[in-house]
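In what follows, a single structure is set out as structure tokens and then discussed.
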Amino acid sequence: MDLKYTPEQIAFRQEVRTWMQANVPKVPLQDFDTEEGFMQHRAWEKKLNEGGWGMVTWPRELGGRSCNLIEWLIFEEEYWRAGAPLRVNQNGIFLLGPTLMEYGTDEQKKRFLPRMASCEDMWAQAWSEPGAGSDMAAIRTKAVRDGDHYVINGQKTWSTRARWADWGFGLFRTDPESERHHGLSYILVPLDLPGITIRPIRQLNGLAGFAEIFFDDVKVPVENLLGKEGGGWGVAMATAGFERGLMLRSPARYQETARRLVSLYLANREEADRDASIRDAVIKAWMDAEAYTLSTYRTASKLVQGGKIGPESSTNKIFWSELDIHMHETAMRILGPRAELLPEGPDADGVGNWLDGFLFSLAGPIYAGSNEIQRNIIAERMLGMPR
Amino acid sequence: MDFTFSEDQIAFRDTMHSFFAKELPVETIRKLWENEAADASSIRADLAGKIAEQGLFALSVPEDFGGLGLSDVDWVLMTQELGYYGVTDDVVDTAYIAVGILAGLPDDQPVKAEWLGRIAEGGVRVAVGHPANRLIAHADRADLLLLWHNDEVHAVPAASVQVSVNSSVDLGRRLCRVNWTPSPATRIADAALGKSLWADALNRGALAAAGQMLGLAQRMVDISIAYTAERKQFGKPIGSFQAVKHHLANVAVKSEFSRPVLERAAYALAEGQSQAGEFVSHAKLACGEAAWLASRSGIQVHGAMGYTWEVDLQIFMKRAWALDAAWGDRAVHKNRIADGYLRADALLGAGNTFN
């Protein structure tokens with residue numbers, strides 16, 4: 001055990017910090033679920049990639065820096081610390097990217113990864129269907145092989161940022177006779193093809209952050225298959241692993257929220273301390289943000305030494321999603337009667353973006369496999385309880 | 001940046017795990033709990049001898065004094081085993097906490113060499129009277145007592161104290177009030193040195209309690225998994241029901257995120273980092289919560305059986321409840337964190353976890 005950074009890691013941190021200080025937009029960007037905000041975020045991703053920071057863990061030949069996971073954590077810390085924009089293409093770079101790296105052909109990697117890192121291709125997920133949410137093996141959208149193409153018919157839903165995305169990735173039933181997790185294939189679909197209709201869905205905050213995707217005889221070339229035909233479930237589980245595992249939610253995000261929460265508490269301490277449980281809640285926020293960071297470093301350290309991520313990674317998603325809600329609820333309690341005010345109001349001084357963060361935090365225990373599903377996975381695969 | 005244990009550390013942990021599995025089964029704990037059992041004292045002596053043979057008492061005694069010179073980081077693995085098997089307080093108090101105090105004395109203090117040597121051999125027990133604890137664990141069976149008096153450290157032989165014993169809900173735990181008279185002859189550290197020795201002792205005591213509570217949480221989960229796989233209702237093992245699974249999954253989440261906190265605290269303490277106190281407090285709170293949740297969930301998934309003397313869960317639940325407020329209760333530890341981090345100049349946010 002040696003919980004110190006090496007001189008190289010310290011130098012790397014400094015390099016990231018310097019670049020971020022010079023390049024992070026001084027004025028926060030618009031919400032990326034608005035058209036203007038989306039364009040701003042896309043431009044930021046391009047700039048980030050030109051600086052060589054698009055996806056630092058990817059190999060150099062694909063535009064990355066071949067960073068290991070500890071360096072990735074350092075990068076993320078500096079990214080969040082600098083107040084840099086949310087990664088609009090996160091479903092691509094954090095979820096599909098690693099999956100492509102593992103299952104893609106060399107041609108697919110070259111074709112998709114550099115354009116993903118620069119956000120020339122914006123990616124959306126296409127997993128859930130009206131009848132297949134937590135029970136993803138109930139997927140019914142068909143992709144029927146017809147010569148060099150699959151012909152897709154059906155409907156996907158809850159597809160994050162599909163409204164703006166160029167591409168979608170997800171599971172489709174390529175064997176019409178199959179059931180459950182058999183006969184599914186992982187296919188990459190350009191979202192501008194004839195036969196595709198995208199219908200935005202407004203979220204709690206009023207913006208259309210996700211969408212339904214309708215497929216009506218959509219012809220997709222077979223080279224867009226990722227992995228083997230009929231082997232999609234295994235490939236999808238790898239994506240789910242990355243999502244619940246390490247990459248989707250780096251701890252720096254929660255540490256910054258915890259830092260802002262402590263500031264909010266200190267700025268409103270007299271009022272906040274009228275409710276003695278608020279101080280406790282702020283202490284818990286610091287503790288749990290720290291715990292999540294330590295746990296991630298611990299896992300990263302194990303992986304860097306050649307270990308494998310195990311079923312215990314399902315505990316991550318429960319932990320960060322509940323932490324996020326806890327911190328935002330605490331902020332709402334500190335703000336008291338001001339918490340309900342939208343930030344643009346004339347009397348909304350000091351409310352910050354806590355309300356919006358609170359609304360978003362509520363999605364955490366639902367997306368990427370609901371926390372109830374995660375608890376089943378923990379019980380069965382980590383604790384060995386009977387199915 | 002390496003957040004893993006060495007192969008040697010893991011091997012020693014595994015050895016102790018197998019050792020206690022063989023030598024301290026719950027049947028033995030039950031016998032020791034029924035204090036009137038005729039052979040209780042011979043069982044204790046036998047076990048003490050075997051633990052000594054494993055080298056546990058020499059673990060952190062400095063090499064110059066006949067020990068292995070290992071650190072807080074090694075103890076973090078060991079205390080989880082002590083918790084898992086419900087080993088009584090005298091072992092960790094002697095081998096870890098008393099050793100820490102004695103090792104901090106100047107070399108010309110004769111008590112240091114004499115008692116470190118005797119502890120390393122494994123034949124003696126030392127009780128530690130820290131002001132954070134109202135009563136002193138196992139003082140009645142100690143050979144030597146290290147006692148607080150106005151921040152000074154006093155080493156008092158068992159013959160010079162009067163002890164009255166309280167039983168705890170954890171019947172393996174003996175909590176003593178000790179009457180004694182400080183004198184220049186018993187003083188082994190003045191208040192200036194004593195203050196820092198007692199501060200370190202509090203951190204080690206809290207860290208040891210945290211490690212034991214995490215081990216206890218694991219034991220309670222293991223017992224509960226075994227029970228819910230056996231017990232059938234509605235024609236199925238109750239462990240197949242989601243409501244039961246989710247109870248134990250919640251404990252797994254709490255434990256999983258306490259472990260790195262515990263390990264980081266041990267590392268910070270071993271390295272003498274300035275924030276070690278806050279990190280220890282964090283570990284104590286996190287592991288305590290995991291252990292309380294494990295006991296609460298454990299009893300629930302056992303149903304009425306969980307409320308019986310017969311089911312082994314009770315042994316470990318009770319130890320967890322007892323340790324939660326030992327070496328500083330939750331208020332003490334929350335206040336340390338609040339003092340360190342709820343302030344404008346605190347190092348908060350991304351990039352400040354390790355320094």
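Below, chains carry the letters A, B, ... as their sequence lines are ordered, and counting in each starts from 1.
Judged purely by distance below 3.5 Å, without hydrogens or angles, the side chains of A/E77 and B/N352 never pair a donor atom with an acceptor atom.
With contacts defined as side-chain heavy-atom distances shorter than 4.5 Å, the pair A/T6/B/M1 does not qualify. Side-chain contact between A/K302 and B/F3 is absent, with no heavy atoms from C-beta onward closer than 4.5 Å. Residues A/R279 and B/N335 are in side-chain contact: their nearest non-hydrogen atoms beyond the backbone lie under 4.5 Å apart. The closest side-chain heavy-atom distance from B/T353 to A/Q255 is below 4.5 Å. Between A/R375 and B/Q242, the closest side-chain pair of non-hydrogen atoms is not below 4.5 Å.
For A/N371, no part sits under 4.5 Å from any heavy atom of chain B, backbone or side chain. Both the backbone and the side chain of A/Y5 come within less than 4.5 Å of a heavy atom of chain B. For A/M382, the part lying under 4.5 angstrom from a heavy atom of chain B is the side chain only. The part of A/Q9 that comes within reach of chain B is its side chain, from C-beta onward, which places non-hydrogen atoms under 4.5 angstrom from that chain. Contacts of A/L266 with chain B are made by side-chain atoms alone, with heavy-atom separations under 4.5 Å and no backbone atom involved. Contacts between A/R253 and chain B at a heavy-atom distance below 4.5 Å are absent for every atom of the residue. Of the atoms belonging to A/I70, it is side-chain heavy atoms, and not backbone ones, that fall under 4.5 Å from chain B. Within the 4.5 angstrom heavy-atom criterion, atoms from both the backbone and the side chain of B/L342 approach chain A. Using a 4.5 Å cut-off between heavy atoms, B/I225 touches chain A through its side chain atoms alone. Only the side chain of B/L285 comes within contact range of chain A, judged by heavy atoms closer than 4.5 Å. Contact annotation for A/R260: neither backbone nor side-chain heavy atoms come within less than 4.5 Å of a heavy atom of chain B.
Looking at A/R81, its side chain does come within 3.5 Å of a backbone N or O of B/A350 through a donor-acceptor pair. B/H282 places a side-chain N or O within 3.5 Å of a backbone atom of A/M287 that can act as its donor or acceptor partner. Without hydrogens or angle criteria, B/Y341 side chain to A/I283 main chain gives no donor-acceptor distance under 3.5 Å. In this structure, the side chain of A/K4 does not engage the main chain of B/F354 through any donor-acceptor pair within 3.5 Å.
The neighbour count for B/R296 CZ, taken as heavy atoms of other residues, nucleotides or ligands under 6.0 Å away, does not exceed 12. Counting non-hydrogen atoms of neighbouring residues, nucleotides and ligands closer than 6.0 angstrom, the NZ atom of A/K26 exceeds 12 such neighbours. In this structure, B/E7 places its CD atom where only 12 or fewer heavy-atom neighbours from other residues, nucleotides or ligands lie under 6.0 Å away.
B/V261 approaches A/A291 most closely through the heavy-atom pair CG2-CB, 3.6 Å. In terms of heavy-atom proximity, A/I378 sits nearest to B/A252 at CG2-CB, 3.9 Å. Closest non-hydrogen pair, B/Y267 versus A/M1, comes out as CE1-O, 3.6 Å. Contact record, A/M385 with B/K245: CE-CA, 3.9 Å, taken as the closest heavy-atom pair. What you find for A/E372 and B/H246 is that their closest heavy atoms are O-NE2, 3.3 Å.
Atoms OG and CG, from B/S240 and A/N376 in turn, are 11.0 Å apart once rounded to the nearest 0.5 Å.
By number of non-hydrogen pairs under 4.5 angstrom with chain B, the leading residue of A/I74, A/V282, A/L383, A/V262 is A/L383. For chain A, the option among B/E263, B/E289, B/K254, B/R343 with the highest count of heavy-atom pairs below 4.5 Å is B/E263. The most heavy-atom pairs under 4.5 Å with chain A, out of B/E271, B/K334, B/R264, come from B/R264. Note on A/P386, A/G307, A/G384, A/A258: by heavy-atom pairs under 4.5 Å with chain B, the leading option is A/P386. Comparing A/E312, A/Q305, A/E322, A/E78 by heavy-atom pairs within less than 4.5 Å of chain B, the highest count is held by A/Q305. Counting heavy-atom pairs closer than 4.5 Å to chain B, the top residue among A/R13, A/E256, A/E290 is A/E290. Ranking B/P260, B/A229, B/G239, B/P237 against chain A, the residue ahead of the rest is B/P260, based on heavy-atom pairs under 4.5 Å.
For an aromatic pair to be called close, the ring centres must be under 6.0 Å apart, and A/F319 with B/F257 satisfies this.
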Hey, mind stepping through A/S295 and B/E256 against side chain to side chain donor-acceptor pair (under 3.5 Å) and telling me if it holds?
CA-CA 8 Å; A/S295 173; B/E256 201 61 23; over 6 Å; no

